[in-house]
Asker: 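Take this structure, written in structure tokens, and hold onto it; I'll ask about it next.
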Amino acid sequence: MTLNPNTEILSRYRARIEEVEALRRDLQLQQRPAGPAAVVGLLLEAVGDLLRRSRQVPADPARLDAALAAVPREGLAAWHDGLSLEALEARVRRAADEAVEAAIPEGDEGGDTWATWALQGLMARDRLASCLTALGRLKALGREDAGAFHARLSAATAAMDTRLSTKVPYFTALNLRRRAEAQVLDDAAAAFWFTARSRPEDDGFIAALGAADPSGLSGVAREVSELVHAPRSRPVTFDELFRYDVGLATPAEVARIEAQAKTDPQVRQALLAMAEAEDAIEGPQQPDTPRRAAGPGGLDGGGSGARSGSAEVIEDRAEFKVLLFRRSANVHLVVAPRRADRFAAAAVYLAEAPERGRPYQATADGLDFALGAAAGLAGQSARVVVRLTDGREVTVRARL
Amino acid sequence: MLTDDELFADIVRRKAEGLDFRRELGELVERWKAASLIVVRRVQGSSLRGSPDDGLEIFQDAFGKFLTRGIDQFRGVSERMPGKAASPRTFFLRIVKHCAIDRYRRNREDLESGPPDGEEEREESSHQVARAVAQAAAKQEASDAHTDYWAAFHRLQEEHPNEAGAWDLYHHQDMDDHTEVARILGITVVNSYKRVSRAQAYLKLYLLEARREEE
């Protein structure tokens with residue numbers, strides 16, 4: 001049998017009547033080794049819940065007053081001193097994010113779970129309101145200590161609520177449950193965590209914010225939506241370029257930087273400066289980088305695509321260079337690491353044997369792959385695969 | 001005298017023990033000052049920007065970054081790529097390199113947003129002045145909105161990095177393609193769609209909160 005949501009809520013609060021009696025007996029017996037603070041807190045919540053729902057959940061006022069009269073002075077003080085509004089505010093803020101997850105869950109089944117968690121945050125705020133109501137009643141019964149705590153807590157709660165008021169739009173994702181809770185309250189308007197922006201027309205607000213089409217929004221919400229969806233690209237940051245340089249960039253960061261370098265001259269210039277200044281870092285006094293020596297025809301063979309009597313630069317990257325040396329007797333491809341900490345391995349394949357890597361020699365200039373006589377390679381291309389230390393593979397094609 | 005590696009090991013030990021290590025770190029990077037200035041000059045040459053006076057400022061900037069997070073970052077690189085990580089000196093010089101690159105990128109942006117060359121002052125009619133004032137106000141408003149957006153995005157990166165990563169690829173990189181975003185991030189297409197959707201919602205909520213706080 002599925003209970004009507006209101007029936008389930010009313011049953012929950014009716015159970016508080018018995019709970020108040022049990023807690024009163026507990027306080028009167030004074031048998032808790034850890035002190036009565038926790039029981040005092042539970043009693044204030046239970047009594048306050050009933051006082052705030054007296055129309056729908058009537059309870060004998062005399063029994064509620066008798067329960068409050070059992071609250072010991074030191075127990076009340078200990079409860080007050082142990083109360084953390086910071087923790088409660090953090091809980092409600094977390095509930096706001098949980099509400100967004102409820103409205104736009106990862107999987108279809110997850111929404112209800114997130115909504116339950118989020119509502120628990122709002123219920124925590126509601127229980128504080130019940131405590132304040134119970135404190136106010138205790139003050140009216142002549143307890144001056146309760147009056148002092150009530151005044152201090154009310155002021156601190158008001159300040160917290162002002163900060164939390166910006167979170168109201170988040171809570172619209174829970175409106176169905178919020179309205180159900182609000183219906184049971186005597187003074188629902190005071191409970192903004194249940195009632196602010198809780199009309200049915202607010203129910204789809206989070207889903208509307210999550211959509212690209214702003215037609216479901218109006219006013220300031222529409223303005224911010226247009227701001228968010230305005231075309232823009234984010235400049236690559238110092239940290240991203242640095243991580244890219246030292247091999248710690250995520251795949252998304254690498255994709256972003258390399259894509260932006262194709263269209264943004266600033267990023268392209270930054271990558272060029274990175275490569276050029278690296279030579280200044282890896283000077284001859286640096287023992288952890290490969291020593292540069294004149295290779296066959298010299299390795300500094302001009303800019304990309306330059307054809308000289310020595311080397312044609314096929315690829316020039318921050319991590320490595322690929323150079324092609326053409327002689328009639330033998331064609332060489334040299335993969336020259338520029339960054340020992342980024343370069344892991346390289347292989348070269350010809351079209352005639354695409355699965356068999358070409359043999360190579362490790363030289364002072366890098367990995368030297370002999371490809372064979374020039375006559376036999378006319379019209380062919382070689383595939384150079386370089387693996388970097390971050391696991392990425394870069395493929396370069398060289399026309400022979 | 002301790003070698004660079006010995007001094008750096010001492011600095012790492014002092015840091016781990018919660019001792020002050022700034023003096024030792026200062027002594028270490030001072031040894032690398034000359035090399036740092038060479039690196040800065042190389043970046044200046046590549047960027048066609050900068051003056052000789054910039055070198056020391058950039059060196060100090062790099063020292064600050066090395067002090068606050070460089071040591072932990074260096075250890076992270078060493079742990080992730082054992083045997084392949086650079087020396088502390090090389091790592092520091094890379095920080096210097098990037099400080100210089102960043103400085104001249106930012107300078108380029110500032111120059112590009114300035115007024116066009118050769119603009120002369122001339123007498124304006126009151127109508128033209130009013131229009132110029134309105135245009136300036138509109139430009140300022142657009143600039144403020146731009147700033148607000150990036151502040152919201154940085155908050156998203158801190159509080160919901162998964163959503164920020166998906167949004168960054170989808171919107172800032174103009175990918176507009178959940179299949180490609182999913183492939184790069186190693187998630188399903190449905191996940192990509194949901195993350196982008198939540199990112200959109202959070203960004204708008206943050207902006208609404210900011211506007212509410214300004215009221």
Side-chain angles (χ1 to χ4, degrees), chain A residues 97 100-101 103-107 165-167 169-170 206-207 209-212 220-221 224-225 227-235 238 241-242 245-248 250-252 255-256 259-260 266 269-270 272-274 276-283 286-289 340-342 344 389-390, chain B residues 35 38-39 41-43 45-47 73 76-77 80-81 84-87 89-91 93-95 97-102 104-105 108-109 145-146 148-150 152-153 159-160 165 168-169 171-174 184-186 190-191 194 197-198 200-205 207-209 211-213:
Chain A
D97 283 356
V100 173
E101 299 285 338
I104 313 172
E106 205 65 28
S165 63
T166 59
K167 292 297 185 184
Y170 293 69
I206 298 297
L209 290 181
V220 176
V224 301
S225 179
L227 176 61
V228 165
H229 290 286
R232 58 170 46 84
S233 62
R234 178 171 68 83
F238 173 99
L241 274 179
F242 188 77
D245 198 11
V246 299
L248 290 181
T250 64
R256 209 171 81 74
Q260 224 173 81
Q266 278 190 33
Q269 171 57 43
L272 183 64
M274 269 167 55
E276 291 186 0
E278 193 64 22
D279 289 344
I281 292 172
E282 292 181 0
Q286 278 299 98
D288 59 340
T289 57
D341 60 322
R342 297 293 305 280
T389 53
D390 60 8
Chain B
I38 293 172
V39 170
R41 282 199 291 277
R42 189 64 67 90
V43 172
S46 178
S47 311
Q73 232 172 1
V77 173
R80 190 160 153 174
M81 294 184 287
K84 283 279 186 183
S87 65
R89 178 182 183 277
T90 301
F91 193 81
L93 291 178
R94 290 213 176 100
I95 294 177
K97 178 178 76 171
H98 280 273
C99 285
I101 290 171
D102 194 59
Y104 298 123
R105 273 180 71 203
R108 191 186 299 271
E109 283 168 13
H146 182 77
D148 289 347
Y149 171 83
W150 288 117
F153 179 71
E159 296 184 16
H160 300 281
D168 198 32
L169 286 173
H171 186 69
H172 301 149
Q173 291 310 305
D174 235 358
I184 289 173
L185 295 179
V190 171
N191 287 158
K194 293 296 179 105
S197 187
R198 282 197 299 271
Q200 289 169 167
Y202 280 125
L203 285 170
K204 295 167 195 172
L205 285 165
L207 289 165
L208 286 171
E209 279 183 73
R211 296 212 180 179
R212 180 79 194 268
E213 281 162 10

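Hydrogens, waters and symmetry mates are skipped; everything else that's a heavy atom, side chains included, is used. Within every chain, numbering begins at 1; the chains are lettered A, B, ... in the order of the sequence lines, protein sequences first and strands thereafter.
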Asker: Counting N and O atoms only, with roles assigned by atom type, does the side chain of A:Q269 sit under 3.5 Å from a partner on the main chain of B:S46, one being a donor and the other an acceptor?
Answerer: yes

Asker: Considering only heavy atoms and a distance below 4.5 Å, find which of B:H98, B:R42, B:E209 pairs most often with chain A.
Answerer: B:H98

Asker: I'd like to know which of B:V190, B:D148, B:D168 tops the heavy-atom pair count under 4.5 Å against chain A.
Answerer: B:D168

Asker: B:K97 versus chain A, heavy atoms under 4.5 Å apart: side chain, backbone, both or neither?
Answerer: side chain

Asker: How are the rings of B:H172 and B:Y149 set relative to one another: parallel (under 30°), tilted (30 to 60°) or perpendicular (over 60°)?
Answerer: perpendicular

Asker: Return yes if some donor-acceptor pair links the side-chain N/O of A:R342 with the main-chain N/O of A:D245 below 3.5 Å, else return no.
Answerer: yes

Asker: At a heavy-atom separation under 4.5 Å, does A:A270 approach chain B through its side chain, its backbone, both, or neither?
Answerer: both

Asker: Need one label for A:A230: side chain, backbone, both or neither, based on atoms under 4.5 Å from any heavy atom in chain B.
Answerer: backbone

Asker: Flag the pair B:Q200 / A:I104 as yes when at least one side-chain heavy-atom distance between them is below 4.5 Å, and no otherwise.
Answerer: no

Asker: If you count heavy-atom pairs under 4.5 Å with chain B, which of A:S225, A:A221, A:P231, A:G210 comes out on top?
Answerer: A:G210

Asker: Heavy-atom pairs under 4.5 Å with chain B - which of A:V228, A:L241, A:L272 has more of them than the others?
Answerer: A:V228

Asker: Given the options B:R198, B:H160, B:K194, B:E159, which has more heavy-atom pairs under 4.5 Å with chain A than any of the others?
Answerer: B:R198

Asker: If you count heavy-atom pairs under 4.5 Å with chain A, which of B:L203, B:L185, B:L169, B:N191 comes out on top?
Answerer: B:N191

Asker: Relative to chain A, which of B:V43, B:L208, B:I38 shows the most heavy atom pairs under 4.5 Å?
Answerer: B:L208

Asker: May I have the step-by-step check of side-chain contact (heavy atoms from CB on, under 4.5 Å) for A:H229 and B:K204, ending in yes or no?
Answerer: CA-CA 10 Å; A:H229 290 286; B:K204 295 167 195 172; 2.9 Å; yes

Asker: Supply the atom-to-atom distance B:Y202 OH to B:S197 OG, rounded to the nearest 0.5 angstrom.
Answerer: 11.0 Å

Asker: With heavy-atom distances below 4.5 Å as the criterion, would you say the side chains of A:E101 and A:D97 are in contact?
Answerer: no

